[in-house]
Visitor: 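My structure is below; once you've seen it, I'll send some questions.
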Amino acid sequence: MIDWSGLWSRRAPWVAAALVVLAALVASVSSLGNGFALDDVLVIERRNLLHSLSNIPALLTTAYWQLPPEDTLWRPLGLLSFATQWVAGDGAPLLFHAVSVLLYVAVCLVVLALAWQLLPAAGALAAALVFAVHPVHVESVGNIVGQLELWVALAVVGAAAVYTRARRTDRLHAPTVLAVLALALLGLGMKEHAVLLVGVLLALELTVLRDAPPARDGGMRARILFVALASITLLWLLVRSDIVGGLAGDRAHVALKDLGLTQRAWLMLGLVPELARLFVWPARLYADYSPQYTALHTAPGLAHLPGLLILGAFMGLLGWSWRRDHALALALAWIAVTYSIVANIVVPTGILLAERTLFLSTVGIALAAGALWLRLWGWLQARPGSVRTLVIASAVAVLGVAAAHSAERQHAWKDNDTMVAALVTEAPMNFRGHFWLGDELLRREEFVAGETAMRRAMALWPEHDGPPLGLALRLQARGLCEPALHFYGIARRLEPRKPTPHFGASGCLIAMQRFREARAVALQGLETGRSADAFRFLIYVADSSLAASDSAGPNWWLARRRRTGARVP
C-alpha cells in the first residue's frame with residue numbers, strides 16, 4: 001500500500017511549488033500577446049534614451065518621467081532594466097511581457113517561501129495560490145511598467161523570507177545581512193516604496209518573530225541590519241533629492257491639491273470600501289479610478305460610514321490576532337505597512353487608487369487567506385467528510401474562477417485602443433476614459449469625435465486641467481487660436497504653475513497679433529520657473545513686433561531691462 005501521507009510530507013514543497021507556478025502561468029501567460037499601453041508608451045516606446053545602452057550614466061541619473069512638472073521620481077534600475085530589454089528584444093514588446101511573466105512566477109514562489117516559514121504546509125499553499133491568481137495583479141503583469149512593482153515585491157518579500165529564516169535558526173550572519181541589504185538596494189533602484197522594507201521587518205519582529213529563540217549575540221546583528229537599512233535609505237533619499245531637485249514625491253493628484261492632512265484622511269476614508277473590494281473580491285477591474293466613478297468626500301458625512309465600519313473591523317481583527325494568531329497579525333500589519341505610502345494621509349501622492357499600487361499589499365491578503373484557511377480547516381475536521389469535500393471543491397472553484405478572470409483581463413492591456421475602450425465602456429462616469437479617448441481621437445485627426453470626448457471629460461471633472469489643455473493644443477495645431485485661448489485660459493486657472501498652457505496661450509496671442517497680451521502671458525509663464533528660454537523668446541518676439549509697429553513705447557520689456565543693465569531672468 002502506498003503511504004500517501006508520507007509521500008506528501010516528503011514532496012510537499014515541490015508539489016506546492018509546481019501548483020503555484022501552474023496557477024501563476026494560467027493567470028499571466030495570456031499577457032504575452034500585449035503591446036505597449038498607457039505609461040508604456042511615454043516611458044519606454046517614445047523614450048529614445050531607453051533605446052540604447054550607450055549612455056548608462058544618463059539612464060542612472062535621469063528622472064523617471066521628464067515631463068515637467070512631474071519629473072520628481074527617480075527609478076534608475078527600472079530605466080536600466082527597460083533599456084536592456086529594449087536592446088535585447090530590438091524594441092519588441094514580447095520580450096518585455098515575457099520578463100513580466102517570469103518575474104510574476106518568481107514573486108509567487110517567493111511568497112510561497114515566506115508563507116512556508118509562517119504557516120503549516122496547507123496554509124502556505126493556500127496563501128501562495130491566492131496570491132498567484134489574484135485578479136488585482138493583472139495591471140502589474142499586463143502593463144509593462146508594472147514590472148517595477150514586481151521587482152519591488154521580489155526584493156521586499158525575498159528579504160522578509162531570508163530574514164525570517166535567519167532569525168528563527170539564529171543564522172543572521174554576515175552573508176544573510178548582506179543579502180537583505182542587496183535586496184533593499186535592488187528594490188530602491190526600481191521604485192520608491194521599497195523604503196517600506198524596514199517597516200515590514202519590524203512587523204515581522206513584533207508578530208511572528210517575537211517568540212523566536214533569543215539570538216546568541218543578543219540581537220546585535222539584527223540591530224546592525226536595521227541601522228544599515230536606515231542608512232542606505234537615507235543615502236538613497238539624498239541622492240534622489242540631488243537628481244530630482246527635492247525630497248517630494250510625484251506631483252500630487254489634482255484631487256489632493258491644496259488639501260490638508262485631515263481633508264485627505266476623509267477623502268481616503270471614503271475610498272476604503274473600493275479598496276476592500278479590490279483586495280477581497282476584485283470582480284470588476286478598471287485602468288483608472290477617478291471621478292465621477294470615484295466619489296470624493298473631504299468632509300465627514302454618511303458616505304464615510306461604510307469605510308469606518310470596514311476600518312473598525314480591520315483594527316478589531318488586528319487586535320484579536322495580535323494575541324491569538326501571530327501569522328494573521330503579520331498579514332494585517334503587512335497590509336497596513338505596505339499601503340501606508342499610497343494612502344495619501346502623511347503625504348499626497350500622484351494617485352488616488354490604482355491596482356498596481358496594491359500589488360505588494362496583496363501579500364498580506366494572501367497570508368491572511370492562508371491563516372484563515374487553517375482555522376476553517378480545523379473547524380471542518382469535526383464535520384462530515386461530505387462537508388469537507390464541498391468546502392474544498394468550492395475553494396478550488398473560486399481559485400479557478402480567479403485565475404480565469406485574471407487570464408481574460410490581461411487582454412484589456414493589449415494596447416491603448418483596447419484599454420481606453422474598456423475603460424469607457426466599463427466605467428462611463430470615469431472622466432479619464434473620455435480624456436484618453438479624446439486625446440487618441442485628436443491624434444488621429446478625428447476632431448469632432450475627439451472634441452466631444454474631451455468636453456465630456458471636462459463635464460465629469462471640471463477641476464482637472466488635462467482635457468482643456470489637450471483640446472487647446474489640438475485646436476492651436478489646426479490654427480484655431482480663438483477657441484484655443486478659451487481652453488488655455490481654463491488650464492492656466494487650474495494649473496498656474498504649469499508652463500505649457502502659458503506658452504501655448506502666448507503663442508496663440510502672437511499669431512493673432514495681440515502682442516501686449518502675449519507678452520503679459522509670457523511674463524506669467526516666466527514665473528513658473530520652467531522653460532525660461534522659451535518664454536524669453538516669446539517676450540522678445542512680442543516686443544520686437546510692438547517696436548516694429550512703433551507701439552512698444554515704455555513697455556518694451558526686454559530692451560528696457562537691457563538698456564538699464566538689469567538682469568534678464
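Worth knowing before you read on, the calculation uses all heavy atoms, side chains too, and leaves out hydrogens, waters and symmetry mates.
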Visitor: Does Thr349 offer a backbone N or O that forms a donor-acceptor pair with the side chain of Asn344 under 3.5 Å?
Guide: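 Pair found, side chain donor or acceptor close to backbone of Thr349.
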Visitor: Taking all non-hydrogen atoms of both residues into account, name the closest pair between Pro135 and Ser406 and its distance.
Guide: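 Distance-wise, the nearest heavy atoms are CA-OG, 3.1 Å.
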Visitor: For Asp415 and Thr418, test the side chains for any donor-to-acceptor distance below 3.5 angstrom and give the result as yes or no.
Guide: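 A donor-acceptor contact under 3.5 Å links the two side chains.
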Visitor: Between Arg284 and Tyr286, is any side-chain donor less than 3.5 angstrom from a side-chain acceptor?
Guide: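 On atom types as modelled, these side chains qualify, holding a pair under 3.5 Å.
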Visitor: Side chains of Glu355 and Tyr289 only: does a donor on one sit below 3.5 Å from an acceptor on the other?
Guide: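 There is such a pair between these side chains.
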Visitor: Can a donor-acceptor pair be found between the side chains of His137 and Thr362 at a distance below 3.5 Å?
Guide: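 Indeed, the side chains of His137 and Thr362 share at least one donor-acceptor pair under 3.5 Å.
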Visitor: Test Val15 against Leu19 for side chain to side chain contact (heavy atoms under 4.5 Å, CB included), laying out the working first.
Guide: CA-CA 6 Å; Val15 173; Leu19 290 174; 4.1 Å; yes
Visitor: Using a 3.5 Å distance criterion without hydrogens, assess whether the side chain of Arg497 forms a donor-acceptor pair with backbone atoms of Thr528.
Guide: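 The answer is yes, because a donor-acceptor pair under 3.5 Å joins these two groups.
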Visitor: Before giving the answer on side chain to side chain contact (heavy atoms under 4.5 Å, CB included), spell out for Phe96 and Ile44 the whole-Å C-alpha distance, their side-chain angles and the decisive distance to 0.1 Å.
Guide: CA-CA 10 Å; Phe96 287 94; Ile44 302 173; 3.9 Å; yes
Visitor: So, do Trp334 and Leu114 sit near enough that their side-chain heavy atoms are less than 4.5 Å apart?
Guide: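 Trp334 vs Leu114: side chains touch.
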Visitor: Looking at Glu192, Arg356, Lys191, which hits side-chain contact (heavy atoms from CB on, under 4.5 Å) with Leu148?
Guide: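 Single pass found, and it is Lys191.
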Visitor: Taking the basic N atoms (NZ, or NE/NH1/NH2) and the acidic carboxylate oxygens, is any pair closer than 4.0 Å for Glu205 and Arg167?
Guide: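 A salt bridge is present here (some side-chain N lies under 4.0 Å from a carboxylate O).
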Visitor: I'd like to know if the side chain of Arg168 reaches the main chain of Gln117, judged simply by a donor and an acceptor atom lying under 3.5 Å from each other, with no hydrogens or angles considered.
Guide: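 Pair found, side chain donor or acceptor close to backbone of Gln117.
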Visitor: Are any of the side-chain heavy atoms of Met419 and Leu38 separated by less than 4.5 Å?
Guide: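 Yes; the side chains approach each other to less than 4.5 Å.
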Visitor: Can you list every pair that meets salt bridge (Lys or Arg N to Asp or Glu O under 4.0 Å) and has a residue in residues 89-107, with sequence neighbours left out?
Guide: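 Found none.
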Visitor: Does Trp281 have more than 12 heavy atoms from other residues, nucleotides or ligands lying within 6.0 Å of its CH2?
Guide: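 No, not enclosed.
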Visitor: Could you check if a side-chain atom of Pro93 sits within less than 4.5 angstrom of a side-chain atom of Asn34, using non-hydrogen atoms only?
Guide: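 Counting from C-beta outward, Pro93 and Asn34 never come under 4.5 Å.
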Visitor: Are Glu274 and Tyr293 linked by a side-chain donor-acceptor pair shorter than 3.5 Å?
Guide: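 Tyr293 and Glu274 do have a side-chain donor-acceptor pair below 3.5 Å.
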Visitor: Is it the case that more than 12 heavy atoms not belonging to Arg171 sit under 6.0 Å from its CZ atom?
Guide: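 Count not over threshold, so no.
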Visitor: Donor-acceptor pair, His253 side chain versus Ala255 backbone, under 3.5 Å?
Guide: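 Checked: pair present.
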Visitor: Any non-hydrogen side-chain atom of Leu353 less than 4.5 Å from a side-chain atom of Thr294?
Guide: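 Leu353 vs Thr294: side chains apart.
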Visitor: Is the closest side-chain heavy-atom distance between Phe131 and Phe359 below 4.5 Å?
Guide: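 Yes. Closest side-chain heavy atoms under 4.5 Å.
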Visitor: Looking at Leu237, is its backbone amide N or carbonyl O close enough to the side chain of Ser241 to form a donor-acceptor pair, meaning the two atoms are under 3.5 Å apart?
Guide: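 The answer is no, because no donor-acceptor pair under 3.5 Å joins these two groups.
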Visitor: Taking atom types as modelled, is there a side-chain donor on Asp39 or Asn143 under 3.5 Å from an acceptor on the other?
Guide: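 Asp39 vs Asn143: no donor-acceptor pair found between side chains.
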Visitor: Are Leu185 and Trp236 close enough that some pair of their side-chain heavy atoms sits under 4.5 Å apart?
Guide: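 Not in contact.
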Visitor: Would you tell me whether Ser81 and Gln85 have side-chain atoms, one donor and one acceptor, within less than 3.5 Å of each other?
Guide: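 The answer is yes; a qualifying pair exists.
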Visitor: Using side-chain heavy atoms (C-beta onward) and a distance below 4.5 Å, is Leu360 in contact with His193?
Guide: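 Leu360 reaches His193 side chain to side chain.
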Visitor: Decide yes or no on salt bridge (Lys or Arg N to Asp or Glu O under 4.0 Å) for Glu139 and Arg409, but give the supporting numbers first.
Guide: CA-CA 9 Å; Glu139 183 176 347; Arg409 183 66 187 176; over 6 Å; no
Visitor: Judged by atom type as modelled, is there a donor-acceptor pair below 3.5 Å linking the side chain of Trp266 to the main-chain atoms of Leu261?
Guide: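 Looks like no, no N/O pair under 3.5 Å.
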Visitor: Inspect the surroundings of CH2 in Trp413 and state if more than 12 heavy atoms from other residues, nucleotides or ligands are less than 6.0 Å away.
Guide: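 Yes, CH2 of Trp413 has more than 12 neighbouring heavy atoms, counting only those of other groups under 6.0 Å.
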Visitor: Keeping His304 on the side-chain end and Leu269 on the backbone end, is there a donor-acceptor pair under 3.5 Å?
Guide: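 Such a contact is absent between His304 side chain and Leu269 backbone.
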Visitor: Side chains of Thr176 and Tyr163: closer than 4.5 Å at any heavy-atom pair?
Guide: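 Sidechains of Tyr163 and Thr176: no contact.
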Visitor: Evaluate side chain to side chain contact (heavy atoms under 4.5 Å, CB included) for Leu53 paired with Leu59, printing each intermediate quantity in order.
Guide: CA-CA 8 Å; Leu53 290 173; Leu59 286 170; 4.3 Å; yes
Visitor: If we ignore hydrogens and angles and just use 3.5 Å, is the side chain of Arg165 paired with the main-chain N or O of Ala113 as donor and acceptor?
Guide: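 Flag not set: sc Arg165 to bb Ala113 has no pair under 3.5 Å.
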Visitor: Look at the side chain of Ser30 and the backbone N and O of Ala407, then say whether any donor-acceptor pair between them is shorter than 3.5 Å.
Guide: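 Such a contact is found between Ser30 side chain and Ala407 backbone.
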Visitor: Judged by atom type as modelled, is there a donor-acceptor pair below 3.5 Å linking the side chain of Glu45 to the main-chain atoms of Asp40?
Guide: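 No, because the side chain of Glu45 does not come within donor-acceptor range (under 3.5 Å) of the backbone of Asp40.
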Visitor: State, without any angle test, whether Gln147 and Ser100 hold a side-chain donor-acceptor pair at a distance under 3.5 Å.
Guide: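 There is such a pair between these side chains.
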